[in-house]
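Count residues from 1 along the sequence. For ligands, and for the atoms within them, numbers begin at 1 and follow the listed sequence.
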Amino acid sequence: MTTELKILSLKAWFPFEGDKLIIAGPCSAETKNQTLQTASALKDIKKVHLFRAGLWKPRTRPGSFEGIGETGLNWMSEVKKTTHMPITVEVANAGHVEKALANNVDVLWIGARTTANPFSVQEIADALSGVDIPVMIKNPINPDLSLWVGALERINGSGINRLIAIHRGFSTHHEEYRNAPHWEIPLKLKTLIPPLPILCDPSHIAGSRKHLFQIAQKAMDLDMDGLMIESHINPDEALSDPKQQIKPSDLADFLENLELRSSTSSDVSYLTELEELRSKIDDLDRSIIELVSQRMDISSSIGDFKLDHNVTVFQLERWKEILETRVPLGASKGLKDAFIEELMQLIHDESIKIQLTRFR
Ligand code: PEP
Ligand code: MN
């Protein structure tokens with residue numbers, strides 16, 4: 001996949017103190033007091049740069065709290081006036097965009113359910129044509145990198161070049177979290193669009209306060225550009241996502257405790273040792289490729305051999321035997337079952353393809 005996006009670097013349009021952009025605020029604006037009290041507590045945390053609150057809430061089932069709607073825009077404007085913090089709200093259609101723009105919202109964000117729907121994203125892109133406002137795009141709920149890229153392309157196509165991606169996890173199964181992080185997906189996005197800032201939303205990944213810190217720390221260790229965290233003045237009483245929100249006072253400690261590492265070090269001994277370790281990896285990769293190539297040569301001979309004897313390529317029993325022996329072998333070397341299964345699957349798929357070419 002390739003893509004050409006015109007993206008402004010974050011610091012060029014959002015000069016904030018510190019290295020990481022921190023967005024915080026309640027999942028939903030519920031009442032004027034709750035919104036203003038949360039904002040005023042967050043304002044005192046110097047590390048919080050942008051205030052968020054959801055006004056139109058995309059809910060899985062009707063009948064649960066679906067957001068305060070347009071009324072909340074007045075409260076958000078008041079937050080801006082009293083705290084001087086810039087504000088951001090979620091938009092899911094052209095009507096939301098229009099109302100947010102009319103109320104001087106500083107940054108818009110597109111939620112995960114909306115990103116998954118190209119019709120909605122295009123509707124928002126059309127509503128933004130000729131408008132110069134920053135837009136943050138959460139990953140789609142399904143683990144599909146191209147849907148995420150597609151949404152970024154659609155919004156960028158409307159001339160929006162102040163873009164941020166937000167990683168909030170994917171609704172595939174995870175043992176402990178509400179949404180599976182699939183960390184490889186935001187990393188692939190970074191590889192594909194290097195200038196695009198990527199923030200992590202540990203609140204929606206975790207789904208509970210318990211896992212919040214470890215996820216945020218991991219995002220920092222992966223060199224993400226900041227965090228969007230849900231914070232509520234009285235989380236237990238929150239009308240949406242009560243289990244994952246934290247009090248502003250806890251957020252202050254949370255941010256204090258985050259360990260920020262630099263993306264590189266000029267320490268000569270670090271650089272020398274890293275170089276040595278990398279050269280070992282280079283050698284090992286060469287050996288892996290050499291071995292895989294030898295294995296494929298044998299597959300090719302097996303293909304000829306099966307053809308000579310008029311035998312089918314795919315042999316279920318053999319494939320089962322490979323998995324049943326390689327997985328425990330990997331485990332005995334400290335490698336995860338799922339990793340070995342995936343690796344053997346890839347190798348086996350290629351081997352089958354190679355054998356089939358002999359049959360043509
Ligand atoms: C939210 O940020 O409150 C929200 C609804 O998030 P998401 O789109 O990631 O589910
Ligand atoms: Mn939420």
Legend entry - salt bridge (Lys or Arg N to Asp or Glu O under 4.0 Å) pairs, two or more places apart, involving residues 293-303: none
Inset, instruction - Using the six-membered ring of Phe65, assess whether NZ or CZ of Lys57 lies under 6.0 Å from its centre and within 45 degrees of the ring axis. - result: no
Legend entry - For atom 8 (O) of ligand 1, closest protein heavy-atom neighbour: Ala112 N, 2.8 Å
Inset, instruction - To the nearest 10 degrees, calculate the angle at the Mn ion (ligand 2) involving OD2 of Asp241 and OE2 of Glu230. - result: 120°
Legend entry - His204, N/O/S atom nearest the Mn ion (ligand 2): NE2
Legend entry - Any donor-acceptor N or O pair under 3.5 Å, side chains Gln294, Glu290: yes
Inset, instruction - Heavy-atom contacts with Cys27 under 4.0 Å: which atoms of ligand 1 show up? List them by number with element. - result: 3 (O)
Inset, instruction - Please indicate whether any nitrogen or oxygen in Lys57 is less than 3.5 Å from any nitrogen or oxygen in ligand 1. - result: yes
Legend entry - Nearest-neighbour protein heavy atom for atom 4 (C) of ligand 1, which is reported as residue plus atom name and distance: His204 NE2, 3.5 Å
Inset, instruction - Going by heavy-atom distance to atom 2 (O) of ligand 1, choose the closest among Glu230, Glu90, Arg113, Arg52. - result: Arg52
Inset, instruction - May I ask you to check whether Arg168 has an N/O atom sitting below 3.5 Å from an N/O atom of ligand 1? - result: yes
Inset, instruction - Determine whether the side chains of Ser158 and Ser129 contain a donor N or O and an acceptor N or O closer than 3.5 Å. - result: no
Legend entry - Per-atom contacts, ligand 1 versus Gly111 - under 4.0 Å to a heavy atom: 8 (O)
Legend entry - Lys/Arg N to Asp/Glu carboxylate O, Glu341 vs Lys336, below 4.0 Å: no
Inset, instruction - Return yes if some donor-acceptor pair links the side-chain N/O of Ser262 with the main-chain N/O of Thr264 below 3.5 Å, else return no. - result: yes
Inset, instruction - Could you check Ser269 against Asp267 for side chain to side chain donor-acceptor pair (under 3.5 Å), going step by step and ending with a plain yes or no? - result: CA-CA 6 Å; Ser269 68; Asp267 180 332; 3.0 Å; yes
Inset, instruction - Would you mind listing which atoms of ligand 1 come within a distance below 4.0 Å of any non-hydrogen atom of Trp109? - result: 2 (O)
Legend entry - atom 6 (O) of ligand 1: nearest protein contact (heavy atom, Å): Lys138 NZ, 2.9 Å
Legend entry - Met228, portion touching ligand 1 at heavy-atom distance under 4.0 Å: neither
Legend entry - Gly54 to ligand 1, any heavy atom closer than 4.0 Å: no
Legend entry - Donor-acceptor pair between Asp241 and His232 side chains, under 3.5 angstrom: no
